[in-house]
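Worth knowing before you read on, the calculation uses all heavy atoms, side chains too, and leaves out hydrogens, waters and symmetry mates.
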Amino acid sequence: MEEEIKHTEPEQPAPLAEQAEPKEDFQSLIRGKYRAEYLRHAAGLLAAQAEEQRRYGRYREIRRQAEALRAEHPEFDLNRELEDPGFAGLLRSGVDLRVAWEAVHHDELARSRENRFASEAQPLENALESQAAILRADPRKLTRQERRQLRRRAARGEEIVW
């Protein structure tokens with residue numbers, strides 16, 4: 001049985017247990033062939049309620065995961081994603097929302113990561129080149145100003161190598 005994922009929030013199912021339980025007056029009326037039919041019907045109502053509760057719980061969990069994913073990826077839109085049959089199929093089969101979204105958008109996410117790493121690496125390379133200092137081979141030949149500058153750099157956590 002394929003589960004339909006709704007775009008709008010469903011109402012929480014009303015409890016059917018009180019309606020399905022036999023009342024004392026009704027219990028005395030149901031005897032013989034009608035009793036078995038009634039008990040089957042009541043069991044069906046309880047099973048339907050349990051299934052509806054399970055679906056509602058799954059819906060709430062998907063909504064919670066969607067909010068968490070949207071915080072990390074602002075471009076994520078659950079309603080738009082649910083229009084994709086591949087994505088909706090993954091959710092129906094029980095796959096976690098994040099895993100389903102990343103599977104569907106794997107190529108886009110990989111390109112985005114590559115672009116981000118490339119843009120982050122370039123400034124780092126430039127910064128390393130600009131901060132590279134050519135130190136004299138003999139630290140005893142440093143001027144007072146050079147020693148003071150090295151102490152400041154070391155105080156900031158920079159490692160000074162000779």
Side-chain angles (χ1 to χ4, degrees), residues 1-23 26-27 30 33-134 150 152-162:
M1 179 165 89
E2 202 170 277
E3 179 179 327
E4 181 66 28
I5 298 176
K6 299 176 184 171
H7 294 272
T8 59
E9 183 171 356
E11 294 182 20
Q12 183 161 5
L16 296 176
E18 303 92 36
Q19 299 171 18
E21 290 181 18
K23 306 288 184 210
F26 192 68
Q27 189 72 292
I30 299 182
K33 65 179 181 179
Y34 298 113
R35 180 171 178 77
E37 185 178 333
Y38 169 75
L39 292 177
R40 267 194 308 277
H41 177 68
L45 288 176
L46 290 174
Q49 179 189 19
E51 177 64 18
E52 192 64 28
Q53 286 287 355
R54 187 194 65 75
R55 284 183 181 174
Y56 183 74
R58 175 78 173 133
Y59 171 81
R60 298 300 297 168
E61 178 62 19
I62 286 174
R63 279 299 201 197
R64 186 193 63 72
Q65 291 175 3
E67 290 302 318
L69 189 58
R70 188 177 303 119
E72 190 175 326
H73 298 280
E75 71 276 9
F76 173 76
D77 179 12
L78 180 60
N79 289 330
R80 185 182 66 224
E81 296 298 334
L82 286 173
E83 293 171 2
D84 178 1
F87 179 79
L90 287 171
L91 288 183
R92 273 194 301 276
S93 64
V95 174
D96 182 69
L97 180 95
R98 175 182 297 277
V99 173
W101 186 76
E102 288 176 351
V104 170
H105 296 282
H106 179 268
D107 294 338
E108 298 162 32
L109 292 170
R111 278 193 300 274
S112 174
R113 273 188 224 110
E114 287 173 7
N115 292 340
R116 187 175 68 240
F117 290 142
S119 66
E120 289 174 356
Q122 191 66 31
L124 179 61
E125 291 169 0
N126 293 342
L128 290 175
E129 287 176 7
S130 67
Q131 290 189 0
I134 300 173
L150 286 173
R152 277 192 227 124
R153 287 172 49 194
R156 282 183 278 163
E158 186 176 335
E159 186 177 340
I160 310 296
V161 180
W162 294 101

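The side-chain contact (heavy atoms from CB on, under 4.5 Å) check on E81 picks up F76, F87, W101, H105, with sequence neighbours excluded. Every side-chain contact (heavy atoms from CB on, under 4.5 Å) that E72 has, sequence neighbours left out, goes to R98.
Salt bridge absent: E61 and R58 never bring a charged side-chain N and a carboxylate O closer than 4.0 Å. Classification of R80 and E83 as a salt-bridged pair fails, no side-chain N sitting under 4.0 Å from a carboxylate O. No salt bridge links E108 with R111; every basic N to acidic carboxylate O contact stays at or beyond 4.0 Å.
In this structure, CZ in R63 is found 7.5 Å from CD in E67, a value given to the nearest 0.5 Å. Note that CD of E75 and CG of L69 are 8.0 Å apart. Values are rounded to the nearest 0.5 Å.
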Evaluation steps, side chain to side chain contact (heavy atoms under 4.5 Å, CB included), between L78 and I62: CA-CA 9 Å; L78 180 60; I62 286 174; 4.1 Å; yes
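Two residues are said to be in side-chain contact when any heavy atoms from C-beta on lie closer than 4.5 Å; R40 and E37 meet this criterion.
Considering all non-hydrogen atoms of both residues, A88 and L82 come closest at CB-O, 3.8 Å.
Y59 and R55 share no donor-acceptor pair across their side chains, judged by distance under 3.5 Å alone.
With hydrogens and angles ignored, the 3.5 Å screen pairs a side-chain donor or acceptor of Q65 with a backbone N or O of L97.
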